[in-house]
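Chain naming here is simple, since letters A, B, ... match the order of the sequence lines and numbering starts at 1 in each.
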Amino acid sequence: MEKYDVEVKEKKTKKEVGLQELPGTHENIVMRFAPNPSGPLHVGHARAAVPNAEYVKRHDGKLILRIEDTDPKRVYEPAYEMIPEDLEWLGIKADEIIYQSDRFETYYDYAKQLIEKGAAYMCTCDGATFKELKDNCKPCPCRDNSVEENLELWEKFPEMDVGEAVLRVKTDIEHKNPAIRDWVAMRIVKESHPRLGDKYSIYPMMNFSVAVDDHLLGLTHVLRGKDHLANTEKQKYLYEHMGWEMPEFIHYGRLKMEDIALSTSKAMEGIEKGEYSGWDDPRLGTLKALARRGIDPRTIYSLITEIGVKSSDSAISWKKIHGLNRNYIEPIANRYFFVENPVEITVDGYDDGEVTIERPLHADHTDRGNRKLLFDGTAYLAKEDINDGIVRLMDAVNADISGDNISYNSTSFEDARSQKAKIIQWVPVKENVPVKIVMPDGSVKKGLGEVDIKELKVGDMVQFERVGFARLDEITDDAIIFYFAHK
RNA sequence: GCUCCGGUGGUGUAGUCCGGCCAAUCAUUUCGGCCUUUCGAGCCGAAGACUCGGGUUCGAAUCCCGGCCGGAGCACCA
């Protein structure tokens with residue numbers, strides 16, 4: 001008789017915030033972020049980099065940045081510099097950087113071992129022929145070559161012409177997914193590599209170099225997009241041939257972002273055509289663009305952590321990004337006046353002379369001090385704000401607007417309140433500074449800002465009252481240029 | 001077409017493995033109110049979801065089957 005089942009079920013004890021707990025070991029974990037250096041990092045990369053970094057941080061593991069530059073056609077040289085910069089922006093620091101282009105001899109070594117084991121073979125069929133056979137679950141003639149024949153061809157491999165031969169890893173020629181059947185491990189590439197020049201003509205395919213490296217570098221967990229699902233299956237065969245233990249694989253879903261082309265190649269094309277101002281054009285989804293728009297890296301980090309690593313797709317909305325970002329930006333951004341499409345006005349009947357008005361830099365942090373605005377009965381107002389009725393020029397006077405006529409009504413705030421005057425921003429006529437705000441769609445708002453804006457530095461975040469948050473991007477002779485973040 | 005994977009409020013998530021404590025969590029969003037010399041912040045309140053249909057079960061977001069919808073892969077790219 002069976003003993004009573006006294007085993008107490010372990011009930012839902014985990015309450016991880018954001019990321020689900022990692023399967024497998026939690027001791028000495030090793031993870032990697034492995035981008036192809038085809039451009040700077042974008043949000044899609046953050047989706048890979050952040051969870052890796054976060055898991056490593058939680059478990060005090062090791063994070064490897066591995067640059068996957070095994071296709072010379074897809075290497076954009078500046079990316080070698082940009083990738084670590086972008087990671088740093090995200091607050092991620094890899095413990096080690098590996099360049100796959102440094103490791104060709106290692107790949108050759110394992111390729112040869114595979115041949116010797118009879119687990120890989122040199123295939124001289126042309127692609128179409130092989131595909132035809134493969135799609136019908138038929139092995140190609142090369143599959144039966146002896147180890148000796150294969151080794152001989154392997155030695156001759158570097159002298160062959162492009163397309164003449166490839167090295168294939170034996171899988172299951174009847175695998176139900178044709179993509180898995182006897183995949184290519186090595187191919188001939190006669191193209192100059194930014195880091196290798198023409199040193200090699202035999203290049204590993206991603207599935208091969210990735211699996212070899214993941215094993216050799218001691219990866220315990222591999223986090224990758226679900227577009228790699230089939231690749232994981234392919235690589236499984238390599239692990240089996242070599243008698244290696246598989247790391248834990250986790251496949252996450254696609255990330256879509258509202259109104260943004262995440263594709264690096266499209267961005268590159270647009271930049272070359274001059275449609276975009278550069279990798280940090282506000283319309284792009286690069287981290288550089290987000291940074292330029294005043295998105296705090298913590299916004300992206302926490303958003304990605306929240307999205308987690310589940311395999312369903314997610315679409316991130318700007319509303320969500322802005323909402324999160326506001327939490328970070330709001331306390332640090334000092335307030336200033338900006339008027340778009342300024343119209344110079346005179347408040348008829350105002351006769352209190354010239355007064356200096358002080359306003360706090362931040363209403364909730366008065367210790368930061370005040371900025372000063374000069375009021376003498378004239379001002380610039382935003383064209384949009386000039387509508388019939390009573391308005392209060394904030395902290396100055398209340399005025400009645402009637403067509404082009406603007407006349408003094410009163411001064412006290414209480415009067416404004418009792419008359420339900422709309423409070424609007426204004427800029428002194430005597431002292432002001434031209435300001436341009438580049439909007440997320442690339443358009444530019446032109447106007448005037450209060451003179452204290454001159455004290456700001458590039459990178460400072462501000463809030464233009466009633467307009468929104470913006471980041472000071474550049475100070476030119478013409479104007480101070482901001483990039484708009486959000487309301 | 002074939003091979004896989006997935007579907008919880010507008011959006012992102014928790015819960016699904018091990019059915020009941022889920023009349024479903026949290027964030028963002030939206031809408032009210034309070035406060036405030038910003039349309040920001042803060043405070044209070046509210047709105048809003050288990051893709052559909054069957055089945056199993058005393059009981060299903062959770063298990064099974066089918067439909068629908070979405071996605072990925074099907075390279076000598078990564």
Side-chain angles (χ1 to χ4, degrees), chain A residues 7 9-12 14-20 34-38 68-71 73-75 100 123 126-127 130-131 134-135 162-168 175-181 183-189 203-207 209-210 224-231 233-234 251 253-256 258 264 302-308 310-327 329-331 333 335-337 359-360 362-365 392-396 398 412-414 416-417 421-425 463-469 486-487:
Chain A
E7 176 190 47
K9 283 184 203 163
E10 273 183 47
K11 277 288 197 177
K12 305 143 188 177
K14 58 186 171 188
K15 39 188 171 274
E16 287 295 333
V17 220
L19 289 178
Q20 57 179 254
N36 165 246
S38 58
E68 305 208 328
D69 53 351
T70 53
D71 179 5
K73 287 199 214 69
R74 301 220 340 182
V75 174
Q100 290 196 310
C123 175
D126 75 87
F130 181 85
K131 183 174 165 36
K134 176 199 74 175
D135 285 347
V162 174
E164 247 188 281
V166 292
L167 179 73
R168 290 188 184 279
H175 191 108
K176 59 183 173 179
N177 182 352
I180 310 296
R181 300 171 194 162
W183 49 271
V184 176
M186 292 274 183
R187 74 204 196 271
I188 300 165
V189 175
Y203 277 68
M205 297 295 291
M206 166 266 175
N207 274 306
S209 50
V210 160
R224 47 174 28 173
K226 67 180 184 184
D227 46 322
H228 283 292
L229 239 15
N231 292 321
E233 179 72 8
K234 288 183 187 182
H251 297 92
R254 268 184 72 189
L255 193 62
K256 282 171 288 191
E258 263 182 358
T264 301
S302 57
L303 177 63
I304 300 287
T305 306
E306 178 178 328
I307 289 172
K310 59 177 212 166
S311 64
S312 46
D313 301 341
S314 355
I316 51 185
S317 67
W318 282 107
K319 280 184 174 175
K320 177 83 181 181
I321 290 181
H322 294 162
L324 291 174
N325 200 56
R326 193 149 42 226
N327 295 332
I329 294 315
E330 195 280 332
R335 271 58 171 173
Y336 294 96
F337 285 176
R359 273 198 62 74
H362 191 124
D364 304 329
H365 302 276
R392 174 165 181 79
L393 308 199
M394 196 182 219
D395 265 355
N398 310 318
S412 80
F413 174 64
E414 286 67 30
R417 181 169 273 175
K422 185 182 176 190
I423 295 166
I424 63 171
Q425 282 64 39
Q463 189 203 47
F464 290 121
E465 295 193 37
R466 256 173 78 245
V467 174
F469 295 95
H486 45 80
K487 276 271 190 184

Would you mind reading off the distance between [X] atom [atom1] and [N] atom [atom2], rounded to a whole angstrom?
X      : N     : atom1 : atom2 : value
A:E233 : B:C4  : CD    : C1'   : 10 Å
A:K176 : B:G1  : NZ    : C1'   : 17 Å
A:L324 : B:A27 : CG    : P     : 11 Å
A:H322 : B:G10 : NE2   : C1'   : 16 Å

Between the protein and nucleotides 38-40 of chain B, which nitrogen or oxygen pairs are less than 3.5 angstrom apart?
residue: B:U38; atom: O4'; partner: A:E465; partner atom: OE1; Å: 3.3
residue: B:U38; atom: O2; partner: A:Q463; partner atom: OE1; Å: 3.4
residue: B:U38; atom: O2; partner: A:R466; partner atom: N; Å: 3.3
residue: B:U38; atom: N3; partner: A:Q463; partner atom: OE1; Å: 2.7
residue: B:U38; atom: O4; partner: A:R335; partner atom: NE; Å: 2.7
residue: B:U38; atom: O4; partner: A:R335; partner atom: NH2; Å: 2.8
residue: B:C39; atom: N4; partner: A:R466; partner atom: NE; Å: 2.8
residue: B:C39; atom: N4; partner: A:R466; partner atom: NH2; Å: 2.7
residue: B:G40; atom: O4'; partner: A:Q463; partner atom: NE2; Å: 3.0
residue: B:G40; atom: N2; partner: A:E330; partner atom: OE2; Å: 3.2
residue: B:G40; atom: N2; partner: A:D364; partner atom: OD2; Å: 2.4
residue: B:G40; atom: N3; partner: A:R335; partner atom: NH2; Å: 3.3

Could you tell me whether A:P204 contacts a base, only the sugar-phosphate backbone, or nothing, with contacts defined as non-hydrogen atoms closer than 4.0 Å?
->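 Since only primed, P, OP1 and OP2 atoms lie under 4.0 Å of A:P204, the category is sugar-phosphate.
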
Answer with base, sugar-phosphate or nothing: what part of the nucleic acid does A:T70 contact at a heavy-atom distance below 4.0 Å?
->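 Contact class for A:T70: sugar-phosphate only.
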
Can the positive tip of A:R359 be found less than 6.0 Å from the middle of the six-membered ring of A:F337, inside 45° of the ring normal?
->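 Geometry flag: not set, cation outside 6.0 Å or 45°.
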
Distance, nearest 0.5 Å, that separates CG of A:D71 from CD of A:Q100 |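 That separation rounds to 11.5 Å.
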
Ignoring hydrogens and angles, tell me if any N or O in the side chain of A:R74 forms a donor-acceptor pair with the backbone of A:P37 under 3.5 Å.
->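 Looks like no, no N/O pair under 3.5 Å.
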
Give a yes or no on whether the backbone of A:A185 and the side-chain of A:N207 come within a donor-acceptor separation of less than 3.5 Å.
->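 Absent.
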
With sugar-phosphate taken as primed atoms, P, OP1 and OP2 and all else as base, the protein-contact string of nucleotides 66-76 of chain B at under 4.0 Å (heavy atoms; B, S, -) is -----SSSSSB

